A.B. asks: 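Take a look at this one; I'll ask things after.
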Amino acid sequence: MATTGRDYYEILGVSRSATEAEIKRAFRRLARELHPDVSEEPDAEERFREAVAAYEVLSKTETRGLYDRFGHAGLQSGGFHPTAFDFGSLADIFSAFFGEDAFGVAARPRRGRGADVAAEIAIELEEAATGIKREVPVQVARACDECEGSGVEPGTTAATCDDCHGSGRIERVSRTSLGEFVRSQTCARCGGAGRIIDHPCSGCEGAGRVLDERSLEIEIPPGIHDGQRIRLSGEGHAGPVGGQSGDLYVLVRIRPHERLVREGDDVFSTVALTMTQAALGTKAMVATLEGEVELEFDPGTQPGELRVLRGRGMPVLQGFGRGDHRVLVNVTVPHQITDEQRTLLGDFERLSTEKTYRSDESFFEKLKSAFR
Ligand SMILES: [Zn+2]
Ligand SMILES: [Zn+2]
């Protein structure tokens, strides 16, 4: 599970000052080494995806600049999401990224990868602050028990495809003035499976998969942001006929809070003091992520004043420390008063001098600093 990954430079194995050409070379080398079509390593797919994401970011000046300055968080707030893709053959990947064909890397007969599954959950802001485990119901295709995902009726066997002789791919050679070009395509007859099923499994009608209702426990890390996705590798749909499973993506939504507003890692709230409380000084309760806390306000507290509770905001996702909690003071003015109150306020006004009020900083300036 990863919402923000490893350092992109580290993934590609290049220095922070690497040139475009070096980055391209590093990715090309990794792609040839890690692509699921050629690598047998169990974590090759995960590492390949990381490499693609890293290359996508570092190969473009704009996203590389964002990443250099603000890291993964900068990319997220900049609205950048790495391409979600299914693996094509190595050739597809290379033509997508480099506009050219792969260089003679022989692809194994490839079985389709299962589709990714998307789910969505909504949590409270306090839950996002502490992190939480949640059960998420998902409907995913899994390998059929009866045929163990082969799609073949038990007791029968599948025949090798005559067109591709079991490789799942057909090579076409074209001769041009520049030389011979070999293009490999998925076999149309067997759909790349390399075999033909004459007796499909009755449990799954030859698909090798059945639908399954499951409940998965998702661990939501402290500090997660609204709209982030958590990936559970291999928890998506099973691939056709024993192919690799897709991933499960859980979109996390954070419900709006009644009294708290989140801004990045900071939390923001307001407190209302009456005109007389603000003038005379008072104690007041303010809402924070950990419940109400009492704050003391000095005599002469002004509207727009900001109280910063350091380290009382949201935890930094996959990092250290917490943001701040900022409390903005509002001062309420009576709008319905008795005759006696009117007399008192009239007296008060008469007794006021230039010194009674101060105007060192405008309310607007304070508001701006509250929102930074
Ligand atoms: Zn079956
Ligand atoms: Zn075939």
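Indexing begins at 1, ligand by ligand and atom by atom, following the structure's order. Keep in mind that what you see is a predicted model, and the values were worked out from it rather than measured.
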A.B. asks: Side chains of E171 and S184: any donor to acceptor distance under 3.5 Å?
C.D. replies: no
A.B. asks: Could you grab the angle centred on the Zn ion (ligand 2), going from SG in C190 to SG in C161, to 10°?
C.D. replies: 120°
A.B. asks: Regarding C164, does it place an N, O or S atom less than 2.8 Å from the Zn ion (ligand 2)?
C.D. replies: yes
A.B. asks: Compute the angle centred on the Zn ion (ligand 1) spanning SG of C144 and SG of C201, and express it rounded to 10 degrees.
C.D. replies: 120°
A.B. asks: Describe, in one word, how the ring planes of Y67 and Y9 are oriented to each other, choosing from parallel (under 30°), tilted (30 to 60°) and perpendicular (over 60°).
C.D. replies: tilted
A.B. asks: Any ion pair linking R113 and D116 (charged N to carboxylate O, less than 4.0 Å)?
C.D. replies: yes
A.B. asks: Which value, rounded to the nearest 0.5 Å, describes the distance between E20 atom CD and L58 atom CG?
C.D. replies: 11.0 Å
A.B. asks: Just to confirm my numbers, could you give the angle made at the Zn ion (ligand 1) by SG of C147 and SG of C204, rounded to 10°?
C.D. replies: 110°
